[in-house]
Amino acid sequence: MSKVYICTAIPYVNGNPHIGHAMDYLLSDTYARYSRAKGEEVRFQVGTDEHGNKVFSTAQKNGISVEEYAKQNSDKFRTFIEELKISYTDFIRTTSPEHVRRCQEIWRQLSDHIYSAEYDGWYCEGCERFVTQKEYDENGGTCPDHQKPYEKLSEKNYYLRIGDFKERIREVIETDEMKILPEFRKQEMLRLLEDAPDISISRPKKQLSWGVPVPGDDDQVMYVWVDALSNYITVLGYPDQDISDFWPAAAQFVGKDILRFHTITWPAILLGLGLPLPKNVVSHGHVLSNGQKMSKSIGNVIDPIEVLGKHGLDAFRYFFLHHIDTFADSDFTWEKFENAYNNELANDLGNLVQRLATLCKKNQIPGQPAPTTLDSTYCELMDKFEFNKAFDFVWHKVQDLNKSIDEQKPWELAKNGETEKLQQVLSGLVEGLLDVAVLLAPFLPDTAEKIATIFTAPEITPPVTPLFPKN
RNA sequence: CGCGGGGUAGAGCAGCCUGGUAGCUCGUUUGGCUCAUAACCAAAAGGUCGUUGGUUCAAAUCCAACCCCCGCAACCA
């Protein structure tokens, strides 16, 4: 049995879980379940990124300790992940003592590639932060919130020397040793890599207090990268334990917006540690709402909990895994969601289960064992992470079964007393549906389970309430 | 000239790499069936494949120019 490690980006806990996080989880979970179906041993990481100023200041505003605030928000994500029935094996918090300690050890191991330098920029005393040149220009050199001119300020930062690894990173991307999916993102990343600057990886403590202290420098705290990215290996026990059973990851799932950090910064860290790079980095698009980016100011944000509440988990998983493109941006609307539920889940699949179970019961057709093999076309698509295409393939099988029932007219066979033919036909259909259930399992685990239960039972009985009831 | 993606039936997409009867899902219309959640099945209507020009016996597909949308560039997945 081979071992497979699957990683998801860890969300920053200064907000509530939204649709985008769900995409990370659904895609990785589908891959995890598929891998298990192939007989692989899966380790599956999820977690939360909890350091940084935003978390710190929001906690202060709310009048609670930063530890407590981080925990509360981390728990929100954990609950969300549980609600989606994500089959993770490891949950990491970047504030956990083990992670903090391991992170510091990683920093030490990277020291040959770290240097300190002065960072110059425009700073607002009121905001306690630097602004970009662009922001400076737009605001005419004065902070709009504090009505005070930005001042030129210089501070010490540690930097990670990306240049040490550029050549090698280009090589692994070009050769697909670290494969970036989809292909067009790979091109984008190669382009970005060309002029990727060294990365600032620390801040003075007076500016950023809520974070991992830089080892050997009491005045500096790690800024996001080494802290957050290293979670993928600290959760496995690195550097205390040998992680070679599971590392390199078979797949890391990330949103397109943070792909660059996973194809440049993260590989640089790994190369600095002498570790192999993830085999696949899969970048998904963003979910649009009515064709537009979701944003609070437009007011078109879709709340995943609300979608979840509408028709349950599998309807949620169905829509986002089948109708949302695995790699590109695509649109969610309530109308599309309702149509998918009614036409596809209820009419195509739910009704198929109902009619076939009824036919079997009337004609006393017994259940049969579930198949164990996976269709090869399906596997090809799944192995390429083309989940929505694989789902489409499964759905055509559902439609074919409906067709097949109409063509073979088992009710006529029953009427004419052609018992033997009837049994043969219905058994064939049951076999087909069980086949579908197996392929469906990575996407809709509960539904697949229900179908299997019905059609492997000694006596097939239609469910009392249909699988996807219509209102 | 910043980088990238895209413009194919009412909607969403595939086909383009490796030119040769334009395909899928939803929607619409009509017909059929009755096992089933008024579900299912079949058939039909509907496209000058963004524009212009080029290459070719032949272009959605290759080449050139142009127009239009979108994303990133800027710590919203």
Side-chain angles (χ1 to χ4, degrees), chain A residues 8-12 14-15 17-25 27 49 52-54 129 131-135 138 182-192 194-195 223-225 228 253-261 283-288 291-297 301 304 322-325 327-331 333 335-336 339-340 342-363 388-389 392 395-396 399-415 422 425-426 429 462-463 465-471:
Chain A
T8 56
I10 53 173
Y12 192 56
N14 197 37
H18 56 66
I19 289 284
H21 301 118
M23 286 311 293
D24 270 348
Y25 298 137
L27 294 174
D49 173 19
N53 277 340
K54 277 191 188 169
R129 69 181 186 103
V131 298
T132 59
Q133 185 65 43
K134 172 115 185 214
E135 200 172 342
E138 272 173 5
E183 173 78 20
F184 69 84
R185 295 277 175 225
K186 167 178 168 180
Q187 302 308 334
E188 217 174 289
M189 291 306 121
L190 280 170
R191 178 71 190 78
L192 272 171
E194 275 176 39
D195 35 45
Y223 174 69
V224 62
W225 311 119
F253 291 87
V254 301
K256 65 176 185 180
D257 52 303
I258 54 168
L259 179 62
R260 66 191 56 192
F261 308 122
S283 129
H284 64 258
H286 287 185
V287 178
L288 307 177
Q292 284 182 304
K293 278 173 88 164
M294 285 186 208
S295 96
K296 282 179 186 159
S297 48
V301 175
H322 191 181
H323 290 299
I324 296 293
D325 191 294
F327 302 124
D329 291 357
S330 28
D331 200 29
T333 65
E335 194 191 353
K336 284 179 186 178
N339 279 341
N342 286 316
N343 296 329
E344 298 166 31
L345 285 174
N347 294 352
D348 288 347
L349 181 61
N351 183 52
L352 170 64
V353 168
Q354 209 66 23
R355 69 196 294 214
L356 186 55
T358 306
L359 282 166
C360 288
K361 187 184 168 73
K362 283 187 179 170
N363 298 292
N388 57 349
K389 287 191 181 148
D392 220 37
W395 215 256
H396 276 105
Q399 293 171 323
D400 286 345
L401 283 169
N402 271 322
K403 261 176 225 175
S404 190
I405 294 180
D406 275 78
E407 281 163 9
Q408 304 194 78
K409 305 188 196 334
W411 52 92
E412 269 184 21
L413 298 175
K415 214 189 294 172
L422 176 66
V425 164
L426 287 179
L429 291 166
T465 31
L467 244 44
F468 297 97
K470 297 217 276 192
N471 309 323

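Each chain gets a letter, A, B and so on, in the order the sequences are listed, and its residues count up from 1.
Spacing between A60(B) and G50(B) at atom C1', rounded to whole Å, works out to 12 Å. Rounded to whole Å, the separation between the C1' atoms of G10(B) and G5(B) comes to 25 Å.
Within the 4.0 angstrom heavy-atom criterion, no nucleotide atom of any strand lies near N363(A). Residue contacts for N343(A): at a heavy-atom cut-off of 4.0 Å it reaches the sugar-phosphate backbone alone, with no base atom in range. Residue contacts for L192(A): at a heavy-atom cut-off of 4.0 Å it reaches no nucleic acid atom on any strand shown. At the heavy-atom level, G285(A) lies under 4.0 Å from base atoms of the strands shown. Using a 4.0 Å heavy-atom criterion, one finds that G20(A) contacts the bases of the nucleic acid, with or without backbone contacts as well. When heavy atoms are screened at a 4.0 angstrom cut-off, K409(A) is found touching no nucleic acid atom at all. Within the 4.0 angstrom heavy-atom criterion, base atoms lie near H18(A). Nucleic acid contact for H21(A): sugar-phosphate only, since backbone atoms but no base atoms lie under 4.0 Å from a heavy atom of the residue. Using a 4.0 Å heavy-atom criterion, one finds that P410(A) contacts no nucleic acid atom at all.
Protein atom CG of N342(A) is 16 Å distant from nucleotide atom C1' of U25(B), rounded to whole Å. Atom P of nucleotide A36(B) and atom CG of N351(A) are separated by 10 Å, given to the nearest angstrom. Spacing between atom CD of E344(A) and atom C1' of C26(B) amounts to 8 Å, rounded to whole angstrom units. Between H286(A) atom NE2 and C72(B) atom C1' there is a gap of 10 Å when expressed in whole angstrom units. If you take CG of N339(A) and C1' of A11(B), they are 10 Å apart, rounded to a whole angstrom.
Put simply, the side chain of Y12(A) and the base of C76(B) share no donor and acceptor less than 3.5 Å apart.
Nearest to the side-chain atoms of K403(A) among the listed nucleotides A42(B), A77(B), G27(B) stands A42(B). With distances taken from any side-chain atom of N402(A) to the nucleotides C41(B), C33(B), A73(B), the minimum falls on C41(B). Comparing atom distances between the Q354(A) side chain and each of A36(B), A77(B), A73(B) picks out A36(B) as nearest. With distances taken from any side-chain atom of K256(A) to the nucleotides C40(B), G71(B), C24(B), the minimum falls on G71(B). Taking every side-chain heavy atom of D257(A) into account, A77(B) is the closest of A77(B), U34(B), C24(B). The side chain of P466(A) lies closest to U37(B) when the candidates are C72(B), C75(B), U37(B). Residue R260(A) places its side chain closer to A73(B) than to any other of A39(B), A73(B), C35(B).
Applying the side-chain hydrogen bond (donor to acceptor under 3.5 Å, both in side chains) rule to R355(A) yields the partners N402(A), D406(A); only residues at least two apart in sequence or on another chain are considered.
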Strictly under 3.5 Å: I want the nitrogen or oxygen pairs between protein and nucleotides 3-9 of chain B, one per line.
| from | atom 1 | to | atom 2 | distance (Å) |
| --- | --- | --- | --- | --- |
| G4(B) | O2' | E188(A) | OE1 | 3.3 |

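Atoms OG1 and NZ, on T358(A) and K362(A) in that order, are 6.5 Å from each other to the nearest 0.5 Å.
Across all strands shown, the partner of A11(B) is U25(B), judged by Watson-Crick or G-U wobble contacts whose two distances both fall under 3.5 Å. Remark: A64(B) base-pairs with U52(B). Criterion, Watson-Crick or G-U wobble with two distances under 3.5 Å.
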